[in-house]
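Report on the following structure.
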Amino acid sequence: MWTRSVIVLWLVAAVPLAAQSPTYSVGRPPTPEEIRALGSAIAPDGEGLPEGSGTVAAGREVFAAQCSRCHGPNGEGNVGPVLVGGQGTLASPRPLKTVGSYWPYATTLWDYINRAMPFDQPGLLKPPDVYAAVAYVLNLNGIIREDQVIDASSLPKIVMPNRNGFIPDPRPKTRSRKPN
Amino acid sequence: MTHFKRSTRRDVLRVGAAAGAGLLVPYRDAFALDTPGKLGAPLGPYGERSPFEKAVRWRRDTKTPETGSSFTPIQDSVGTLTPSSLHYERHHSGIPTIDPAQHRLVIHGLVERPLSLSMEEIRRLPSVTRILVLECGGNSGSEWADKTGVDVQRSYGLVSGSEWTGVPLSLLLAEVGVKPGANWVIAEGADACRMERSIPLSKAMDNSLLAFGQNGEAIRPAQGYPLRLINPGWEGNTNVKWLHSLKLTNQAYMARDETAKYTELMPDGKAWMFVYEMDAKSVITFPSGGQTLPRRGPYELTGLAWSGRGTIERVEVTVDGGRTWVNARLHEPRLPIALTRFRLPWRFEGREAVIASRAIDDTGYVQPTREALIAARGRNSNYHFNGIKFWIVRADGTVTNVDA
């Protein structure tokens, strides 16, 4: 029966290729280029941080060239948000939330500058420039000394002033019994 | 009035009946008995609403046009679905233009079989359809301030209802094989800023969707075309648009939008983080701030209610400033985590009335007052405001917010 052989052939053809997903036979392994093209997400323990390093002095130049037109020469804010100050204001009627007063992890600064800054050309900065910009903003906030070098090893070790300022959502974990 | 259709005999009879009932309608003008008919517009490939309909989103001015939010005109909404063209928007670096033939979703990290999928492959997988509410975590953020929002669009309009179609994320997680130790999924979009959020694996396994369809067509570019992560009931920002990467990890990544933003600062200086579910909420959309009742008489008071945790069981309405509450009638079907419309027949007698609604969901949660929220959380928490909104219907029929 030719119809049966067609069906058998079709079944053979439908056996998943090793690289595809087991049940629905979709996809293929991502290429290294694809992984690289994704914004490299940085974990708070530093996982994902690339090679390279930056100094406060180098960061001052990066900041002046790429950041100051929106954030002000000293991170005081302009079109972009203020980046410095505010420590000690969080419990006040007018809290000032900045990298220095609010952000719990220094790795977030690296991750965010790398993926989203400068606002109009995200992805422009190379890792050494990102490390340097991070160093400069941390120094502006009095979190690291002028001579401290920021790299994949030192960045996750920085304890931000508001590191312990967050608690998980305390609301009751209620949920309807009906599925959706 | 020459655009009316040529009258039929039945129209003539109807006019006669109206005249008999003593109506002062100049029927000859109104029905244009002696005017020939006129053809309408030809058929078109993609529909537009009537030129007489004017409801549009309202956009708060921002220093950069690529960021900000636009608010759904819920005062003009009917039913429980929001047209895709009026769905609220919140963008962080503009709306990308993405060719679905080029777009891929990469699932990687702590998985046995990392996968790169084309849109064609994703659309070929078993899919489901869900009618869901989507609300920005910052909706009604204006209400924490001394001066509350003057109209319902600007104060409660970062909420919309859609039918979403997509593939359960759990299905693809089974395909890639989640490794032991993985408990978070880092979702990243393909917008310029590559917006990312950490999603607990438990949510991803429970009911997250990889949506490609919205209201019967492909998701609109402003809503994440061609692929959006939908986390039912969770604050809008976790519903990552233009999704191109899901990374399984053993820790939350403490992204900027889950630390610096979308965290709620309490009066003691501590902040809540990973605040996901949108609690039960409702608001009267008619009559609401900025509207005017043209005359005394009967009206249908109406509004919207929703809960990120379940189904709206009841909506209570007051027309006497909160002294007494009555049950509104609810449009059916009431769906979990979806907009539910309520209505209540009401007479405006030309006397001032202070009106409000409060929602109760099927977890038993009762929408709180604004005062109760401020007492519990202070005024600096920015997000997740779900307090009761009062409107004042003035004696002359104008409607304002309470501190106008």
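Each chain gets a letter, A, B and so on, in the order its sequence line appears, and its residues count up from 1.
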Answer with side chain, backbone, both or neither: which region of [X] has an atom nearer than 4.5 Å to a non-hydrogen atom of chain B?
| X | value |
| --- | --- |
| L109(A) | neither |
| N114(A) | neither |
| F166(A) | both |
| Y102(A) | side chain |
| S92(A) | backbone |

What is the distance from atom [atom1] of [X] to atom [atom2] of [Y], rounded to the nearest 0.5 Å?
| X | Y | atom1 | atom2 | answer |
| --- | --- | --- | --- | --- |
| D120(A) | S93(B) | CG | OG | 11.0 Å |
| D45(A) | Y253(B) | CG | OH | 7.0 Å |
| L171(B) | T23(A) | CG | OG1 | 7.5 Å |
| I312(B) | S176(A) | CD1 | OG | 10.5 Å |
| K270(B) | N162(A) | NZ | CG | 7.5 Å |
| E175(B) | Q20(A) | CD | CD | 10.0 Å |

Does any backbone or side-chain atom of [X] lie under 4.5 Å from a heavy atom of chain A? Answer side chain, backbone, both or neither.
| X | result |
| --- | --- |
| T64(B) | side chain |
| S118(B) | neither |
| E277(B) | both |
| L115(B) | both |
| T363(B) | side chain |
| V106(B) | side chain |
| P114(B) | both |
| H108(B) | side chain |
| R256(B) | both |
| L105(B) | neither |
| A190(B) | neither |

A side-chain contact here means heavy atoms from C-beta on lying under 4.5 Å apart; do [X] and [Y] qualify?
| X | Y | result |
| --- | --- | --- |
| T107(A) | M254(B) | no |
| M195(B) | R115(A) | no |
| R113(B) | P22(A) | yes |
| P168(A) | W272(B) | no |

**Study point:** Check: N78(A) main-chain N/O paired with K63(B) side-chain donor or acceptor under 3.5 Å
**Key:**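 Yes, because the side chain of K63(B) sits within donor-acceptor range (under 3.5 Å) of the backbone of N78(A).
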
Practice item. Under the side chain to side chain contact (heavy atoms under 4.5 Å, CB included) rule, what do L38(A) and E188(B) come out as? Steps first, then yes or no, please. Key: CA-CA 8 Å; L38(A) 305 173; E188(B) 182 183 282; 4.0 Å; yes

Check your understanding: Between P29(A), A116(A), A43(A), which has the largest tally of heavy atom pairs under 4.5 Å with chain B?
Key ->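 Looking at each option in turn, the highest pair count goes to A43(A).
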
How about [atom1] on [X], more than 12 heavy atoms from neighbouring residues, nucleotides or ligands closer than 6.0 Å, or not?
| X | atom1 | answer |
| --- | --- | --- |
| E61(A) | CD | no |
| E51(A) | CD | no |
| K203(B) | NZ | yes |

Review point. Please walk me through it: do R28(A) and R104(B) pass side chain to side chain contact (heavy atoms under 4.5 Å, CB included)?
Key: CA-CA 11 Å; R28(A) 55 164 171 72; R104(B) 299 189 78 88; 3.3 Å; yes

Review point. Salt bridge between R171(A) and D279(B), side-chain N to carboxylate O under 4.0 Å?
Key: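 Answer for the salt bridge query: yes.
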
**Study point:** Salt bridge flag under 4.0 Å for residues D206(B) and R175(A)
**Key:**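 Salt bridge present between D206(B) and R175(A).
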
**Study point:** side chain to side chain donor-acceptor pair (under 3.5 Å) between E121(B) and Y24(A), intermediate numbers included
**Key:** CA-CA 9 Å; E121(B) 288 170 315; Y24(A) 297 101; over 6 Å; no

Please give me the minimum heavy-atom distance between [X] and [Y], naming the atom from each residue.
| X | Y | result |
| --- | --- | --- |
| Y276(B) | D169(A) | N-OD2, 4.2 Å |
| T108(A) | A255(B) | CG2-C, 3.7 Å |
| V26(A) | R124(B) | CG1-NH1, 4.2 Å |
| R194(B) | A37(A) | NH1-O, 2.8 Å |
| E196(B) | A41(A) | OE1-CB, 3.5 Å |
| P122(A) | A192(B) | CG-O, 3.2 Å |

Picking from [options], which has the most non-hydrogen pairs under 4.5 angstrom with chain A?
| options | answer |
| --- | --- |
| A271(B), G308(B), G378(B), G364(B) | A271(B) |
| A174(B), P126(B), G233(B) | P126(B) |
| G177(B), G310(B), G269(B), S116(B) | S116(B) |

Practice item. With side chain to side chain contact (heavy atoms under 4.5 Å, CB included) as the test, would you mind laying out the steps for K97(A) and N382(B) before giving the verdict? Key: CA-CA 12 Å; K97(A) 293 193 261 188; N382(B) 286 359; 3.5 Å; yes

